There are 2 protein chains.
Amino acid sequence: MAESDAKGGAEAAAKDATDASAATPRARYRAQVRAEVKEHAWKQIAEAGASALSLNAIAKQMGVSGPALYRYFAGRDELITELIRDAYRSLADAVRAAAATGAGVRRLAHVLRGWALADPHRYFLIFGTPVPGYHAPEDITGISQEIMADLLAACAALGPDAPGEGAGGARAGASVAEPSAAFDAHIAGHRDWAGGLAAPPAVLRRALAFWTRLHGVLSLELAGHFAGMGFDPALLYEAELDGLLGPEGMPGG
Amino acid sequence: MAESDAKGGAEAAAKDATDASAATPRARYRAQVRAEVKEHAWKQIAEAGASALSLNAIAKQMGVSGPALYRYFAGRDELITELIRDAYRSLADAVRAAAATGAGVRRLAHVLRGWALADPHRYFLIFGTPVPGYHAPEDITGISQEIMADLLAACAALGPDAPGEGAGGARAGASVAEPSAAFDAHIAGHRDWAGGLAAPPAVLRRALAFWTRLHGVLSLELAGHFAGMGFDPALLYEAELDGLLGPEGMPGG
DNA sequence: AAAGTTTCGTTAGAAGGTATCACGAAAGCG
DNA sequence: CGCTTTCGTGATACCTTCTAACGAAACTTT
């Protein structure tokens with residue numbers, strides 16, 4: 001029953017092993033070792049990417065034997081899942097901290113870019129090539145909903161007739177408002193992801209555009225696809241942001 | 001000297017091993033085996049992703065021993081590089097074929113999406129998480145420039161004052177034309193990637209926006225980030241396309 | 001056609017990875 | 001102090017990439 005205990009213990013301790021100040025000394029030690037493993041894992045990922053992550057190498061670096069780590073993580077997959085969770089939480093915290101100081105969408109975008117540039121591998125862990133069989137646990141989707149909620153709130157703060165193409169108000173004729181109206185009609189009926197927020201469809205569409213457009217520039221930049229092209233990705237990012245926000249420069253941004 | 005011969009042979013044959021109808025029977029056989037290996041590799045990638053690609057498994061499927069494949073590929077990296085090259089070529093061919101029939105940007109965008117959905121793993125092989133130490137060979141960057149040239153031509157066909165936010169003409173005031181003008185000034189000085197094409201900065205900017213925005217939607221969709229959100233990614237893709245093109249619907253699109 | 005050379009595919013093996021098992025030692029708990 | 005749980009270890013099985021050496025097959029040349 002040693003193996004089932006180790007498994008059950010790992011799962012049971014997963015709740016309180018996250019906080020360092022647990023009740024029992026056992027759990028506290030567990031949490032510390034788990035944290036140390038993840039620390040080495042992040043270092044290894046930053047150096048050679050997530051695909052090169054090796055439990056064996058981490059164990060060697062920590063001065064213990066390979067199988068020792070299996071007392072703390074069920075396997076490589078569980079460790080990676082944990083790292084993905086930490087990455088999501090890190091991004092959510094960064095976004096929330098900015099939003100708490102009243103940051104607008106523009107500032108949020110800069111927070112996102114700064115967070116991504118600080119550790120590209122961490123960004124790709126979330127938004128990069130998905131692992132074939134992997135399905136994110138419940139709590140991770142919850143964290144991503146936190147991020148979306150903050151983004152949605154920032155977009156709602158812009159007002160329903162905010163500038164930008166297709167948003168409705170600022171355009172000359174109805175010729176431009178039409179295409180987004182078609183999507184607005186669709187998104188109005190599929191707003192489960194917006195939580196309880198009673199935002200108009202234009203706001204939902206704006207939040208989606210923010211996400212996809214910034215990710216588009218950011219991921220191509222981080223992957224090096226702009227490498228030989230000469231221009232500054234930061235300026236392209238800013239240009240997309242301008243197109244999204246309009247030039248008047250939101251006060252909180 | 002067998003090993004240096006095998007290496008040199010592989011490199012020398014790499015040129016004519018690509019076309020199936022080579023001069024010598026040796027080269028023809030080589031080309032056939034290499035093609036068969038890649039075929040199995042694609043199947044394996046489609047099933048479990050590029051990270052799960054195993055030379056050993058391919059050899060087993062082909063009924064030969066593991067090391068036999070090292071006569072045809074220097075290693076796993078060379079095989080993957082070859083697959084990336086094929087993926088780029090496949091995309092470039094698809095784009096060029098569409099462009100040859102006079103397809104506009106809208107149709108090009110649909111070709112891109114169709115190509116990506118046909119094999120998501122192939123898309124991620126190009127635009128997904130980059131492998132840490134990998135640098136694309138010269139000819140691969142050449143193929144990507146082909147794609148960019150076609151996109152650029154299609155964008156130029158739209159005319160310099162085409163619709164879309166920040167392009168200049170269709171907007172009500174100068175307040176919206178300003179932000180993109182800032183980027184236009186920058187991109188005007190860094191247009192090495194545009195080849196010899198004498199396109200105005202607005203066209204370059206438009207092509208860049210096409211690439212980044214469509215990739216933004218597409219990559220998030222393929223990675224499953226829209227999974228639990230309920231809306232139809234195809235409609236979001238279309239909405240972004242509309243925002244890029246304007247609603248009047250290009251004739252060739 | 002025979003001889004020579006190149007290439008091919010094999011087995012063997014090194015080095016490294018994940019993951020399991022069984023055992024002894026350490027540490028917490030009653 | 002003793003019982004119980006947990007921890008770390010070495011051994012082991014099986015996977016991977018990749019190199020080396022050898023025999024056989026095939027192409028080339030004489």
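The model shown is predicted, which means the values in this text are computed figures rather than measured ones. Order of the sequence lines fixes the chain letters, A, B, ..., with proteins taken first and strands second; residue numbering starts at 1 for each chain.
Distance, B:Tyr70 OH to D:dT16 P: 11 Å, rounded to whole Å. Put simply, CD on A:Glu78 is 11 Å from P on C:dA19, counting in whole angstrom units. Between the CD1 atom of A:Ile58 and the C1' atom of C:dG17 there is a distance of 13 Å, given to the nearest Å. Between B:Lys60 atom NZ and C:dT10 atom P the separation is 13 Å, expressed in whole Å. Between B:Leu69 atom CG and D:dT16 atom C1' the separation is 14 Å, expressed in whole Å. In this structure, A:Arg71 places its CZ atom 16 Å from P of C:dA27, rounding to the nearest Å. The distance between atom CZ of A:Arg28 and atom C1' of D:dC7, rounded to the nearest whole Å, is 18 Å. Between A:Gln32 atom CD and D:dT6 atom P there is a gap of 19 Å when expressed in whole angstrom units.
Side-chain proximity of B:Tyr72 to D:dT17, C:dC8, D:dC7: nearest is C:dC8. Taking the side chain of B:Ala68 as heavy atoms from C-beta on, and the options C:dA19, C:dG9, C:dC8, the nearest nucleotide is C:dG9. The B:Val64 side chain lies nearest to C:dT10 when the options are C:dC8, C:dT10, D:dT17.
One finds no side-chain N or O of B:Asn56 lying less than 4.0 angstrom from the OP1 or OP2 phosphate oxygen of D:dC15. Distances shorter than 4.0 Å separate some side-chain N or O of A:Tyr29 from OP1 or OP2 on D:dG8. Using a 4.0 Å cut-off, no side-chain N or O of A:Ser65 falls inside it from OP1 or OP2 of D:dG8. An OP1 or OP2 oxygen of D:dC7 is reached within less than 4.0 angstrom by a side-chain nitrogen or oxygen of A:Arg30.
The CH2 atom of B:Trp211 sits 9.5 Å away from the CG atom of B:Leu151 when rounded to the nearest 0.5 Å. Atom CD1 of B:Ile58 and atom NZ of B:Lys38 lie 11.5 Å apart (nearest 0.5 Å).
Across the interface with DNA chain D, nearest-nucleotide mapping of B:Ala57 and A:Gly63 shows A:Gly63 to be the residue nearer the 5′ end. Residues A:Arg26 and B:Pro67 each lie close to DNA chain C; by heavy-atom proximity, the contact nearer the 5' end of the strand is made by B:Pro67.
Side-chain N or O atoms of A:Arg71 include none that pairs as donor or acceptor with a backbone N or O of A:Arg30 at under 3.5 Å.
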**OP:** In sequence, state the C-alpha distance, the side-chain angles, and the governing distance for A:His110 and A:Glu238, and then conclude on side chain to side chain donor-acceptor pair (under 3.5 Å).
**Re:** CA-CA 9 Å; A:His110 289 156; A:Glu238 214 60 35; 2.9 Å; yes

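Backbone-only contact: B:Arg76 has heavy atoms under 4.0 Å from sugar-phosphate atoms and none from a base.
In the model, B:Thr212 has no side-chain atom that pairs as donor or acceptor with a side-chain atom of A:Arg213 under 3.5 Å.
Taking both residues in full, the closest heavy atoms of B:Val105 and B:Cys155 are given as CG2-N, 3.9 Å, listed atom of the first, atom of the second, then distance. The heavy-atom pair separating A:Glu146 from A:Ala92 by the smallest distance is OE1-CB, 4.3 Å.
Near-neighbour residues of DNA chain D inside residues 44-55 of chain B, defined by a heavy atom below 4.0 Å, number-ordered: B:Leu53, B:Ser54, B:Leu55.
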